Amino acid sequence: MSEKTEPNAPRGWLYRAWDSDVSYSFRTSPVAISAGLVAVIIILMAIFAPWLAPYDPYDPSSLDLMDGFTPPMEPNAFTGNVYWLGTDNQGRDIFSTILYGARISLFVGFAAVVFAMVLGIAAGLAAGYRGGWLDSLLMRVADVQLSFPSILIALLIFGVARGFIPPAYRETMAIWVLIVAIGLSDWVQYARVVRGATMVEKNKEYVQAARVIGAHPFKILVRHILPNVMGPVLVIATIGLALAIIAEATLSFLGVGVPPTQPSLGTLIRIGQQYLFSGEWWILLFPAVTLLALALAVNLLGDWLRDALNPRLR
Amino acid sequence: MSDVLLKVEGLTRYFDVSKPWLNRVIEREDRQFLTATADVNFEIRRGETFALVGESGSGKSTIAKMIVGLLEPSAGRITFDDQEMNFASGAAMRTLRRRFQMIFQDPYASLNPRWHVGDIIAEPIRTFGLASGNAISREVGRLLDTVGLSASDAGKFPHEFSGGQRQRIAIARALSSRPEFIVCDEPTSALDVSVQAQILNLMRDLQDEFGLTYLLISHDLSVVRHMSNRIGVLYLGRLVEVADGKTLFTHPRHPYSRMLLDAVPDLTLSGRRRRQVEGEIPNPINPPPGCAFHPRCPHAFDRCRQEIPQPVDADGSLAACFAVEEGRI
Amino acid sequence: MAQPLLSVRDLVVEFPTRRGTLRAIDKVSFDIQEGEVLGMVGESGAGKSITGAAIIGLIEPPGRIAGGEIRLRGERIDNLRPEALRRIRGRRIGMVFQDPLTSLNPLYTVAQQLIETIRTHIDLSEREARARAVALLDRVGIPAAARRIDDYPHHFSGGMRQRVVIALALAAEPELVIADEPTTALDVSVQAQIIDVLKEICAERGAAVMLITHDMGVIAETADRVAVLYAGRLAEIGPVRDVITAAEHPYTRGLMGSIPTLTQTADRLVQIPGSMPRLNAIPQGCAFNPRCPEVFGRCRVERPDPIDRGSRRQVACWLYDTAKAEEAGNV
């Protein structure tokens with residue numbers, strides 16, 4: 001009743017965005033605001049890591065092995081250097097490695113989600129609009145894939161891909177292989193949601209109106225149907241981002257992810273857990289807390305977005 | 001140039017409503033087909049309004065969809081201006097498509113909610129390449145003006161308009177390819193009566209101004225009476241009567257037409273006692289044999305239960321009824 | 001005049017939203033006499049269904065009754081606790097909605113639902129209740145009622161389902177039946193049957209009916225009196241024949257003229273320009289003034305209250321304020 005803008009209020013799109021229901025629901029939800037704040041802080045820190053980080057953990061020349069295992073906020077026994085969050089076994093500043101690690105994790109997460117989204121949307125649109133055998137084929141493939149845990153699929157794809165890549169390129173290609181592996185294990189969700197929404201939208205009269213004038217099916221899909229199915233896609237993409245970040249961490253933790261020279265949050269956790277029982281708890285704790293905060297914040301944002309875009313659920 | 005703009009011959013459409021293959025095998029069921037329209041014939045003359053009336057399951061929307069190419073006929077031919085419509089052939093159809101348009105029932109669903117009104121109206125212009133650049137927005141402004149909105153509305157989104165205004169937008173869009181023929185599928189049934197009057201008046205004005213030919217699909221007899229020159233009455237997918245507007249409402253021939261007229265509430269408070277209408281529409285998957293109307297018909301006799309009646313000429317109307325054919329009513 | 005069965009006085013229903021409070025019903029007053037059929041017409045959004053919902057206490061939160069009184073036989077029912085209201089619903093006020101499927105539970109047979117309703121409100125044995133249920137179904141025109149009573153709602157066609165709902169609404173012999181668009185979802189040929197059944201059975205049992213519909217034809221054939229709502233306000237109320245043949249409010253006149261009829265041959269329908277305002281943009285003064293062909297200065301500033309026009313007829317329009325002035329002059 002009230003989401004309509006005033007008929008005689010020609011304001012800019014910025015005002016309209018601020019005034020929209022989604023924006024209002026964000027402004028009035030403390031959970032969404034705090035989750036958004038946490039996510040934005042971590043993302044900004046990751047993006048600006050090269051300027052924010054006090055040390056460059058990738059530069060071996062700046063490392064001093066003597067600095068290894070420095071506890072947080074305490075001077076190192078040999079060098080007297082103080083690190084906020086301590087250092088790891090090689091003397092790398094934990095705070096800096098977390099910033100750079102979050103950068104890798106987020107990059108892999110975003111890229112994997114975009115990849116899965118593009119793949120899933122294309123498959124979903126085609127299956128939902130065309131129907132028939134194409135629909136059956138795509139959805140049976142999806143069914144089969146859903147019957148395996150996605151991490152297993154990612155492992156499988158990762159393993160197969162490594163077999164094809166010459167050893168010289170493995171290090172540099174690892175991150176892309178990871179993105180493809182996570183993306184391929186995740187497209188099904190998007191495809192299913194888009195297919196369902198497409199089947200609803202394609203019977204609506206505005207699509208029929210476009211068909212009456214003989215608009216090309218591709219144009220109908222991209223210009224008419226796609227914008228109207230993006231709402232639920234954004235919701236699963238947000239939650240999918242959290243899942244992709246966790247999947248990346250899991251794979252890296254298992255040692256099949258990014259190479260240790262470019263540690264992601266998962267790699268850091270793997271390194272850290274080796275030292276947990278010898279008393280160097282900080283090497284594990286801080287990366288793990290960062291991962292947890294990031295995944296939780298993104299997940300809560302996804303939950304909020306789902307409710308905000310679907311007023312009937314409220 | 002012939003007088004007939006659209007001709008429909010033997011138009012038939014089945015829908016496969018079978019359960020999925022696996023269920024059929026397990027439950028030992030045969031395929032099931034629903035006959036939405038069967039052997040429908042009519043002509044629409046240039047400049048007239050031809051109406052198809054019927055209740056749910058009569059197949060009126062199916063016919064409309066087949067005429068504009070949203071559904072493929074199972075059998076029969078549709079001829080537009082002496083050219084047979086063949087929606088499979090792209091190039092030949094392109095020129096024909098520009099000449100007909102459709103207005104839909106629900107103005108809340110027929111406009112893409114993510115598009116600006118201007119783009120919605122301009123879509124046919126762009127698709128058929130009728131104008132380009134600034135000429136498009138000038139044309140859109142002119143069209144909005146024609147349907148009683150203002151050119152500045154082009155920049156708004158559909159949700160900023162009321163139901164009646166949206167239907168005006170849908171009409172402006174339908175006019176934008178300068179068609180000769182418009183299929184109007186229940187154009188006012190989602191609207192309130194006072195808004196319905198605005199839209200019906202507008203449709204008539206546009207018909208006079210642009211020499212349009214209308215096919216009006218409706219379940220509302222008073223709307224049909226007000227708008228149409230000739231009327232076809234459908235029952236369970238078959239045309240039971242075709243007559244002039246005046247003739248149908250003063251001398252309905254087919255028993256179903258009579259029943260429909262009796263069912264319309266009397267607003268004039270003439271005190272006319274209506275005949276009680278009996279029964280409901282049967283399931284179209286399993287229609288009664290013979291004339292589909294016979295279980296509800298006060299004049300039914302043996303022949304009606306066995307044979308399907310064909311339309312015959314009866315005092316200027318065409319009626320598919322054995323009782324009429326044999327002169328008993 | 002005797003005490004009315006239902007009396008609604010200055011009813012106000014509000015829906016708080018983040019852009020301010022919307023008044024869906026704004027000071028609506030009307031009475032329903034015993035055994036009377038009151039039609040309530042208006043366009044979508046005029047507030048006719050919300051009025052019905054307010055009477056039976058079914059306004060969806062955050063909407064609320066923000067003012068006025070509703071009395072059933074003199075007893076206030078608008079401020080009852082939910083528990084007490086539930087006892088009135090069904091027992092003293094029956095309900096028939098547009099979609100029969102919202103009133104029938106798909107998981108229970110018709111017999112179970114009817115018998116439960118009867119026994120909740122009337123002290124009868126299972127057998128007596130069943131006999132009564134069969135008689136009711138038979139009365140609303142369900143063929144072979146004794147056998148079909150054990151069917152589930154989905155076994156019935158749309159028209160038959162609505163008959164079952166009417167039986168259900170009347171099961172506890174209520175004094176008032178609120179029927180909200182009871183025929184809108186049905187085919188034309190079935191609509192007439194349902195209206196006839198509803199009208200006859202209520203007359204038989206002496207139940208009053210509040211018939212909410214957008215269809216003037218249904219009102220004309222069924223109602224004794226009719227109330228016309230516009231933008232949440234009462235425009236005109238009076239005996240159905242007077243309102244239909246000689247409407248006084250310019251809105252009602254426009255509305256009547258805009259309905260195409262089977263007998264009329266006019267080329268153009270009367271049309272009211274524009275559309276009903278949204279609830280957040282109701283103009284000052286009379287809500288109809290921007291569309292009114294007979295608008296004058298006062299209409300734009302001052303809101304007209306319903307003015308008595310004799311024979312239980314009221315019109316909320318300044319055109320008829322002269323009557324008041326004369327009256328004052330005579331005294």
Side-chain angles (χ1 to χ4, degrees), chain A residues 1-13 15-17 19-22 129 131-133 135-136 139-140 143 197-234 309-311, chain B residues 20-21 61 64-65 67-71 87 90-91 93-115 119-121 123-128 130 152-153 155-162 165-166 169-170 173-174 176-177 179 182-183 185-186 190:
Chain A
M1 219 178 277
S2 64
E3 80 277 347
K4 320 285 194 322
T5 49
E6 300 292 325
N8 45 6
R11 311 249 177 93
W13 63 271
Y15 173 82
R16 266 187 300 182
D19 200 44
S20 69
D21 276 1
V22 173
Y129 192 72
W133 64 267
D135 182 29
S136 306
M139 286 304 114
R140 289 306 81 76
D143 285 345
T198 303
M199 293 197 328
V200 172
E201 295 296 323
K202 82 167 174 188
N203 287 321
K204 288 208 179 149
E205 290 174 346
Y206 70 87
V207 174
Q208 296 187 1
R211 285 176 58 205
V212 167
I213 58 170
H216 193 274
F218 184 76
K219 209 172 167 189
I220 291 178
L221 277 175
V222 174
R223 299 262 286 126
H224 282 286
I225 296 182
L226 183 60
N228 284 293
V229 302
M230 278 312 280
V233 168
L234 284 182
L309 292 181
N310 203 345
Chain B
W21 173 78
S61 285
K65 285 183 176 163
I67 288 174
V68 296
L70 287 172
L71 272 178
F87 287 94
M93 265 323 286
R94 215 178 122 82
T95 42
L96 267 191
R97 270 186 200 278
R98 189 200 59 75
R99 299 173 57 191
F100 57 81
Q101 275 285 2
M102 184 156 179
I103 299 169
F104 294 88
Q105 169 174 2
D106 182 0
Y108 291 86
S110 64
L111 308 175
N112 190 334
R114 310 259 165 201
W115 281 31
D119 291 326
I120 292 173
I121 296 173
E123 193 188 18
I125 304 179
R126 295 201 171 104
T127 304
F128 295 114
L130 301 177
S152 63
D153 288 332
K156 294 185 184 165
F157 283 100
H159 72 80
E160 297 174 50
F161 296 89
S162 69
Q165 291 171 323
R166 285 183 205 214
I169 295 169
R173 174 196 156 93
S176 72
S177 65
I182 300 184
V183 175
D185 187 0
E186 303 265 14

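Just the heavy atoms: all of them, side chains too, but no hydrogens, waters or symmetry mates, feed the values below. Quick caveat, the model's predicted, so the values are computed rather than measured.
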Worksheet item: Do you know which two heavy atoms are closest between B:Phe104 and A:Val212, and how far apart they sit?
Response: CZ-CG2, 4.4 Å
Discussion item. Counting only non-hydrogen atoms closer than 4.5 Å, does B:Arg173 touch chain A with its backbone (N, CA, C, O), its side chain (CB onward), both, or neither?
Written reply: side chain
Fill in: From OG (B:Ser110) to CD (A:Gln208), nearest 0.5 Å
10.0 Å
Worksheet, complete the sentence: Closest heavy-atom pair, B:Pro113 versus A:Asn228, reported as atoms and distance to 0.1 Å, is CG-OD1, 3.2 Å
Discussion item. Return the CD1 to CG distance between A:Ile225 and B:Asn112, rounded to the nearest 0.5 Å.
Written reply: 9.5 Å
Practice prompt. Please say whether more than 12 non-hydrogen atoms of neighbouring residues, nucleotides or ligands are located less than 6.0 Å from CZ in A:Arg223.
Written response: no
Item to complete: Please say whether more than 12 non-hydrogen atoms of neighbouring residues, nucleotides or ligands are located less than 6.0 Å from NZ in B:Lys65.
Response: no
Discussion item. Below 4.5 Å, heavy-atom pairs only: which of B:Thr127, B:Asp185, B:Asp106, B:Val68 has the largest tally toward chain A?
Written reply: B:Asp106
Worksheet entry | CE-CD1 distance between B:Met102 and A:Ile213, expressed to the nearest 0.5 angstrom | 13.5 Å
Worksheet item: In Å and rounded to the nearest 0.5 Å, what is the OH to CD distance from B:Tyr108 to A:Glu205?
Response: 13.0 Å
Worksheet, complete the sentence: Comparing B:Gln105, B:Met93, B:Arg94, B:Arg98 against chain A, the one with the most heavy-atom pairs below 4.5 Å turns out to be B:Gln105
Discussion item. Is the shortest side-chain heavy-atom distance between B:Glu123 and A:His224 below 4.5 Å?
Written reply: yes
Fill in: Interface residue of largest heavy-atom contact number with chain A, from B:Gly69, B:Gly155, B:Ala109, B:Ala174, under 4.5 Å
B:Ala109
Discussion item. Can you tell me which portion of B:Leu70 sits under 4.5 Å from chain A's heavy atoms? Options are side chain, backbone, both or neither.
Written reply: both
